[in-house]
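Have a look at the structure below before the remarks.
In the text below, chain A, chain B and the rest are named by the order of the sequence lines, each starting its count at 1. Just so it is clear, the model here is predicted, and its values are computed rather than measured.
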Number of protein chains: 2
Amino acid sequence: MDAEATDTEAWSDITPDAARRLVVAAVEAFAERGYHATTTRDIAGRAGMSPAALYIHYKNKEELLYQISGVGHRRALTLLRQAAEGGGTPAERLRTAVRSFVRWHAEHHTTGRVVQYELGALGPEHHTEIVGLRRLSEATMRSIIEDGVRSGDFDVPDVSGTTLAVLSLCIDVARWFNPGGRRTPDQIGELYADLVLRMVRPE
Amino acid sequence: MDAEATDTEAWSDITPDAARRLVVAAVEAFAERGYHATTTRDIAGRAGMSPAALYIHYKNKEELLYQISGVGHRRALTLLRQAAEGGGTPAERLRTAVRSFVRWHAEHHTTGRVVQYELGALGPEHHTEIVGLRRLSEATMRSIIEDGVRSGDFDVPDVSGTTLAVLSLCIDVARWFNPGGRRTPDQIGELYADLVLRMVRPE
DNA sequence: CCGTCCCCTGAGCAACCGCTTAGCCGCCTT
DNA sequence: AAGGCGGCTAAGCGGTTGCTCAGGGGACGG
């Protein structure tokens with residue numbers, strides 16, 4: 001069963017090999033039991049090394065979380081920006097944005113869980129940096145919706161509230177998604193894109 | 001600032017007084033830092049007693065979480081059932097359900113956070129009991145949507161998927177809601193009810 | 001063959017964890 | 001006045017935590 005296995009290729013740009021193995025191990029452990037409930041011994045054990053080896057590659061446990069959170073947030077932001085800058089009508093761009101954002105949170109739901117639910121465990125300066133990335137994501141999603149309103153394709157009485165709701169809806173997929181469930185990430189992405197387009201559709 | 005203060009009257013049926021103070025303290029602590037990052041010394045300290053006093057009223061830390069989770073889930077289920085059994089068209093019942101469910105998750109966002117995000121910290125038998133309550137909530141929400149589809153008031157291609165998305169959307173309010181923010185729980189409830197009705201509205 | 005560098009380990013430290021125990025104190029009943 | 005009882009505390013136990021440190025060993029250049 002590789003249902004729990006974190007895809008390694010998503011972290012392929014992390015070197016050396018041992019550091020990458022630590023990140024993959026930490027993502028699995030954090031997603032399963034939460035940051036605070038995960039011990040450095042557990043992370044090191046999953047990566048096949050002794051507890052002390054962790055501190056050669058990372059200053060401490062929090063920096064591992066920071067690495068994961070940073071990579072995850074940047075990936076999510078990139079997906080949204082690609083959709084926003086891609087061509088097509090506002091409806092097509094919104095559909096693409098929701099579909100790929102949701103699919104990512106389903107496919108990488110372990111990473112997504114860490115990214116979305118362990119923010120509070122970051123140190124203060126790391127926290128503010130990550131919050132900045134989140135604001136960029138929100139601005140990107142809002143710009144798509146604003147485009148649709150401006151062109152008359154969308155009817156949205158409360159743009160910022162709807163933006164918040166759409167992002168919240170997508171993000172929460174990471175919480176409930178179960179790889180053994182009936183729906184594939186693609187199907188959920190399609191379903192959610194339909195639902196979001198209904199939210200902004202004129203009567 | 002009582003922005004962080006958990007409303008005490010929500011736990012008024014817990015006696016004796018010391019046990020209630022412990023629950024209120026635990027809700028605040030769990031919501032702020034998570035179950036595993038919260039120490040029994042911290043809970044007891046917030047409640048104004050020594051660490052040992054906790055074990056007079058509760059068997060252990062997990063039973064405190066179980067108490068909170070049980071009360072919270074039962075309250076949420078009651079809100080949904082009142083909306084489902086209340087009169088009116090399916091649209092009116094769906095609007096009431098979303099509005100009151102969302103408002104509860106915003107007003108009691110500390111409790112909501114514990115209820116929704118600390119499920120995994122429950123022991124196995126407590127966990128399965130709580131999961132049963134969650135299934136009842138889902139069934140209640142689905143029945144409202146099914147009613148609307150049957151009567152022709154709603155157009156919903158995927159009933160169970162839409163049910164999941166609606167509940168997910170409402171639940172996630174507990175994660176991002178900030179009492180110092182621009183929107184009141186009532187406003188968010190109203191906004192979300194509008195958005196959900198758009199999701200099920202026929203063309 | 002030697003030294004250097006990098007990656008790693010075994011052992012362990014100080015702090016902290018959940019939880020227990022023995023006993024104190026004020027209140028109620030008799 | 002005597003006794004019991006529920007609610008509480010001070011002290012502390014065994015175990016675990018994040019993290020450190022001294023040193024091993026293999027690959028490499030000279």
Can you list the residues that meet the side-chain contact (heavy atoms from CB on, under 4.5 Å) rule with B/Ala53, with sequence neighbours excluded? B/Met49, B/Ser50
Is the shortest side-chain N/O distance from B/Thr40 to OP1 or OP2 of C/dG18 below 4.0 Å? yes
Can you tell me if A/Ser69 uses its side chain to pair, donor with acceptor, with the backbone of A/Leu65 under 3.5 Å? no
For B/Arg33, give me all partners under salt bridge (charged side-chain N to carboxylate O under 4.0 Å, His left out), at least two apart in sequence or on another chain. B/Asp42
Do any pairs count as a salt bridge (Lys or Arg N to Asp or Glu O under 4.0 Å) and have a residue in residues 169-198 of chain B, sequence neighbours left out, and if so which ones? A/Asp155-B/Arg198, A/Asp158-B/Arg183, B/Arg95-B/Glu190, B/Arg95-B/Asp194, B/Arg99-B/Glu190, B/Arg103-B/Asp186, B/Asp172-B/Arg175
Tell me every residue that passes salt bridge (charged side-chain N to carboxylate O under 4.0 Å, His left out) with B/Glu92, counting only those two or more places apart in sequence or in another chain. none
How far apart are the closest heavy atoms of A/Ala25 and A/Arg46, and which atoms are they? CB-CB, 3.6 Å
Once salt bridge (Lys or Arg N to Asp or Glu O under 4.0 Å) is applied, what residue pairs with a partner in residues 111-121 of chain A remain, sequence neighbours excluded? none
Expressed as a whole number of angstroms, how long is the span from B/Asp42:CG to C/dC19:C1'? 16 Å
How is B/Thr39 classified with respect to the nucleic acid when contacts are heavy atoms under 4.0 Å: base, sugar-phosphate, or nothing? sugar-phosphate
Outermost contacting nts on DNA chain D, any atom under 4.0 Å from chain A heavy atoms, listed 5' then 3', are D/dT17 to D/dC21
Heavy atoms only: give me the nearest A/Ala47-A/Leu22 pair and the separation to one decimal. CB-CD2, 3.8 Å
Would you list the atom pairs, donor with acceptor, under 3.5 Å between side chains in residues 125-132 of chain A and any protein atom, with sequence neighbours excluded?
unit_1: A/His126; atom_1: ND1; unit_2: A/Glu62; atom_2: OE1; d: 3.2
unit_1: A/His126; atom_1: ND1; unit_2: A/Glu62; atom_2: OE2; d: 2.9
unit_1: A/His127; atom_1: ND1; unit_2: A/Leu119; atom_2: O; d: 3.3
unit_1: A/Thr128; atom_1: OG1; unit_2: A/Glu125; atom_2: O; d: 2.9
unit_1: A/Glu129; atom_1: OE1; unit_2: A/Tyr66; atom_2: OH; d: 2.7
unit_1: A/Glu129; atom_1: OE2; unit_2: A/Tyr66; atom_2: OH; d: 2.8

Under the salt bridge (Lys or Arg N to Asp or Glu O under 4.0 Å) rule, what pairs show up with a residue in residues 132-142 of chain A, not counting sequence neighbours? A/Glu138-A/Arg142
Starting from C1' on C/dT9, measure out to CG on A/Leu22 and report it in whole angstrom. 14 Å
With 3.5 Å as the limit, what N/O pairs link the protein to nucleotides 12-14 of chain C?
unit_1: C/dG12; atom_1: O6; unit_2: A/Arg41; atom_2: NH2; d: 3.4

What's touching nucleotides 24-26 of chain C from the protein side, N or O pairs under 3.5 Å?
none

Under 4.0 Å from any atom of DNA chain C, heavy atoms only: list the residues of residues 52-66 of chain B that qualify, in numerical order. B/Ala52, B/Tyr55, B/Asn60, B/Lys61
Which residues share a side-chain contact (heavy atoms from CB on, under 4.5 Å) with B/Asn178, sequence neighbours left out: none
Hey, does the side chain of A/Thr38 reach the backbone of A/Ala29 with a donor-acceptor pair shorter than 3.5 angstrom? yes
Note: B/Trp104 and B/Gly72 closest approach over all heavy atoms is CH2-O, 3.8 Å
